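Counting starts at 1 for both ligands and their atoms, following the listed order. For clarity, every value in this text was computed on a predicted model and none was experimentally measured.
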Amino acid sequence: MTVKVAILGCSGRMGRNLIQAAVQAPGIELVAGAVRAGSAFEQMDLGEVAGIGKLDILATSDIDALAVADVLIDFTSIEATFEHIQWCKQHNKALVIGTTGFDDEQVAQIKAAGEQTPVLLAPNTSVGVNLLFKLLEITARAIGDYTDIEIFEAHHRFKKDAPSGTAMKMGQVIADTLGRDLNECAVYGREGITDERDPNTIGFATVRAGDIIGEHTAFFADLGERLEITHKATTRMTFANGAMRAATWLSAQPNGFYDMQDVLGLKTLEI
Ligand SMILES: NC(=O)C1=CN([C@@H]2O[C@H](COP(=O)(O)OP(=O)(O)OC[C@H]3O[C@@H](n4cnc5c(N)ncnc54)[C@H](OP(=O)(O)O)[C@@H]3O)[C@@H](O)[C@H]2O)C=CC1
Ligand SMILES: O=C(O)C1=N[C@H](C(=O)O)C[C@H](O)C1
């Protein structure tokens, strides 16, 4: 069966890659794409937005025009995502959310939306990063209680949120595994006389530079050795292809709140 997808934020960096991934993905039919009202891309052919030739589908700012889709894919902004969630709840449409930067209360609201429609929230839709989350769980369980844990992330100059959604999820996975509260143990950057490192903290460091697509490293450092677990994305198509996989999977799910670990079967993987 073909899954009909619509892309929200289709003129953005991810949006353009999502158009291309949707066209290439077996079992997916791209049926619509949305841009902000008044956008210069409104009424432009989606294929031309993505630079892949005409597809005969025009970008719209009318969200009601997306009702032809089975699944909506949202890589936009926090405000826009909440408008899209509202619409999806009203129309019982499945929604894949790749947007990042939500605080705890906003995540709780997104989880609650899952009671009314299938919702999947993934700060990173690449297979590699989701496997990395699993590796962090194993590592934290084995050596997390006596090593210094630091998370580093680097992204392009245009990124608006920090630390990245992926880095925050890395911290959350480690904190959960160690029974720590991330809100209490996270340290975001250091400056001046910081005193010696508190062993219970999880540090975050952020770089914003040029066109870096996305790099994440977790350090587990002891005296005498350190383990570094790194993921580097080299193309946004990795995230876009993962989002198509998520959309296909979500189209067959009942109402509920899901993540990429569900899609990839990593929750039940024995470690
Ligand atoms: N989960 C993952 O794997 C990944 C997640 N991301 C996240 O995805 C989000 C987008 O990233 P990126 O593509 O780089 O950002 P961009 O700014 O390039 O794209 C966002 C797009 O959303 C559009 N938009 C904003 N508001 C609306 C609206 N109300 N209706 C329709 N479209 C709207 C913007 O339009 P306009 O330009 O007109 O404002 C823009 O085209 C970020 O939160 C980022 O962190 C990014 C990569 C991977
Ligand atoms: O904004 C980006 O570009 C990315 N954002 C995501 C995040 O915040 O984790 C994922 C990816 O690293 C690219």
Side-chain angles (χ1 to χ4, degrees), residues 6-21 32-42 44 46 49-50 59-66 72-88 95-103 106 110 120-130 132-133 151-173 204 206-218 230-247 259-261 263-264:
I7 295 162
L8 294 151
C10 66
S11 62
R13 279 176 291 277
M14 275 305 300
R16 294 190 296 266
N17 282 270
L18 289 162
I19 292 172
Q20 197 177 332
V35 292
R36 187 199 290 280
S39 160
F41 295 95
E42 213 171 336
M44 192 184 271
L46 293 192
V49 172
T60 179
S61 64
D62 175 12
I63 188 165
D64 288 332
L66 306 191
L72 275 62
I73 302 178
D74 176 300
F75 284 67
T76 58
S77 64
I78 291 171
E79 302 71 30
T81 300
F82 274 98
E83 286 170 25
H84 301 148
I85 289 171
Q86 204 51 35
W87 186 89
C88 285
L95 178 64
V96 172
I97 303 172
T99 304
T100 57
F102 301 109
D103 63 25
Q106 289 167 329
I110 297 171
L120 185 145
L121 178 65
N124 197 307
T125 45
S126 80
V127 173
V129 157
N130 284 281
L132 178 142
F133 293 148
I151 295 167
F152 164 85
E153 61 98 341
H155 284 86
H156 50 95
R157 65 169 65 149
F158 306 105
K159 185 160 177 61
K160 292 181 179 144
D161 55 316
S164 68
T166 307
M168 293 307 297
K169 174 101 182 210
M170 288 165 72
Q172 192 63 60
V173 167
F204 289 83
T206 291
V207 162
R208 292 287 174 264
D211 57 1
I212 301 169
I213 297 210
E215 302 188 0
H216 294 90
T217 297
T230 295
H231 179 271
K232 293 184 184 181
T234 51
T235 165
R236 289 188 177 85
M237 282 303 284
T238 301
F239 309 129
N241 289 330
M244 294 309 140
R245 203 162 159 174
D259 64 21
M260 215 47 206
Q261 306 281 304
V263 178
L264 300 173

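At least one heavy atom of F239 sits closer than 4.0 Å to an atom of ligand 2. Under a 4.0 angstrom heavy-atom cut-off, G101 registers as lying outside contact with ligand 1. Taking a 4.0 Å cut-off on heavy atoms, T125 registers as neighbouring ligand 1. Put simply, no part of R236 is less than 4.0 Å from ligand 1, judged by heavy atoms. The shell of residues lying under 4.0 angstrom from ligand 1, judged by heavy atoms, includes P123. Ligand 2 is approached by I213 to a heavy-atom distance shorter than 4.0 Å.
Interatomic distance, H216 NE2 to I151 CD1, rounded to the nearest 0.5 Å: 9.0 Å. Separating the CG atom in L72 from the CD1 atom in I63 is a distance of 6.5 Å, to the nearest 0.5 Å. With rounding to the nearest 0.5 angstrom, the CZ atom of R208 is 12.5 Å from the NZ atom of K160. To the nearest 0.5 Å, atom CE of residue M170 and atom CZ of residue F133 are 7.5 Å apart. Atom CE in M244 sits 4.5 Å away from atom CG in L18 (nearest 0.5 Å). Here CG of L120 is found 12.0 Å from CG of D74. Values are rounded to the nearest 0.5 Å.
The closest protein non-hydrogen atom to atom 1 (O) of ligand 2 is K159 NZ, 2.9 Å. Closest to atom 45 (O) of ligand 1 among all protein heavy atoms lies T100 OG1, 2.6 Å. Looking only at heavy atoms of the protein, atom 13 (O) of ligand 1 is closest to M14 N, 2.8 Å. The shortest contact between atom 18 (O) of ligand 1 and any protein heavy atom is with R13 N, 2.8 Å. Regarding atom 2 (C) of ligand 2, its nearest protein heavy-atom neighbour is H156 NE2, 3.5 Å. When hydrogens are left out, the protein atom nearest atom 9 (O) of ligand 2 is T166 OG1, 2.5 Å; that is the closest non-hydrogen contact.
Listed by number with element, the atoms of ligand 1 under 4.0 angstrom from any heavy atom of G9 are 22 (O), 23 (C), 32 (N). Below 4.0 Å from some heavy atom of H216 lie the following atoms of ligand 2, by number and element: 12 (O). Interface atoms of ligand 2 facing S164, defined by a heavy-atom separation under 4.0 Å, are 7 (C), 8 (O), 9 (O). Per-residue contacts place G98 under 4.0 angstrom from the following atoms of ligand 1 (heavy atoms of the residue considered): 1 (N), 2 (C), 4 (C), 5 (C), 6 (N), 7 (C), 8 (O). Short contacts between ligand 1 and A80, defined as distances under 4.0 Å to a heavy atom of the residue, involve ligand atoms 26 (N), 27 (C), 28 (C), 29 (N).
Contact annotation: the side chain of I7 never approaches that of F75 to less than 4.5 Å [non-hydrogen atoms, C-beta and beyond]. Annotation: side chain of T230 is not in contact with side chain of E215 (no heavy-atom distance under 4.5 Å). The shortest side-chain heavy-atom distance between L264 and R245 falls under the 4.5 Å cut-off. Inter-residue side-chain proximity for F204 and M168 is flagged as met; some heavy-atom pair is nearer than 4.5 Å.
Selection from F75, F102, F41, F82 by nearest heavy atom to atom 20 (C) of ligand 1 gives F75. When the options T81, T76, D161, T238 are ranked by their closest heavy atom to atom 24 (N) of ligand 1, first place goes to T76. Scanning R13, M14, H155, K232 for the heavy atom closest to atom 4 (C) of ligand 2 points to H155. The heavy atom nearest to atom 10 (C) of ligand 2, considering only G98, P123, G101, G165, is found in P123.
Only the side chain of T100 comes within 4.0 Å of ligand 2, counting heavy atoms alone; its backbone N, CA, C and O stay farther away. Contacts with ligand 1 closer than 4.0 Å are made by backbone heavy atoms (N, CA, C, O) of V35 only, the side chain lying farther away. Contacts of A122 with ligand 1, taken as heavy-atom pairs under 4.0 Å, involve the backbone alone.
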For I213 and F239, run side chain to side chain contact (heavy atoms under 4.5 Å, CB included): C-alpha distance rounded to whole Å, both residues' side-chain angles, the deciding distance at 0.1 Å, then the answer. CA-CA 10 Å; I213 297 210; F239 309 129; 3.8 Å; yes

What verdict does the side-chain hydrogen bond (donor to acceptor under 3.5 Å, both in side chains) test give for H155 and S164, after you've listed the backbone C-alpha separation in whole Å, the side-chain angles of each residue and the deciding distance to 0.1 Å? CA-CA 8 Å; H155 284 86; S164 68; 4.6 Å; no

Checking N124 against K169 for the side chain to side chain contact (heavy atoms under 4.5 Å, CB included) test, could you report, in this order, the C-alpha distance in whole Å, the side-chain angles of both residues, the deciding distance, and whether it holds? CA-CA 9 Å; N124 197 307; K169 174 101 182 210; over 6 Å; no

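Close N/O approach between T99 and ligand 1 is not found [any backbone or side-chain N/O within under 3.5 Å]. Between S39 and ligand 1, no N or O atom pair is found at a separation short of 3.5 Å. Note: no N/O pair closer than 3.5 Å links H156 and ligand 1 by distance alone. Considering backbone and side-chain atoms alike, R36 places an N or O below 3.5 Å from some N or O of ligand 1. Where the criterion is an N or O separation shorter than 3.5 Å, residue side chain and backbone included, G12 meets it with respect to ligand 1. Checked by distance only, ligand 1 and L8 stay at 3.5 Å or farther apart across all their nitrogen or oxygen atoms. For ligand 1, the polar-atom distance check finds an N/O of S11 within less than 3.5 Å of one of the ligand's N/O atoms.
Taking both residues in full, the closest heavy atoms of M260 and A246 are given as SD-CB, 3.9 Å, listed atom of the first, atom of the second, then distance. The two atoms that bring G33 and C10 nearest to each other are C-SG, 3.7 Å, heavy atoms only. Residues A59 and V35 approach most closely at CB-CG1, 4.1 Å, considering heavy atoms.
Here the options are I97, T99, T81, L95, the test is side-chain contact (heavy atoms from CB on, under 4.5 Å), and the partner is L8; only L95 passes.
Protein heavy atoms are found less than 4.0 angstrom from atom 15 (O) of ligand 1.
Other residues, nucleotides and ligands contribute at most 12 non-hydrogen atoms within 6.0 Å of the CG atom of D211.
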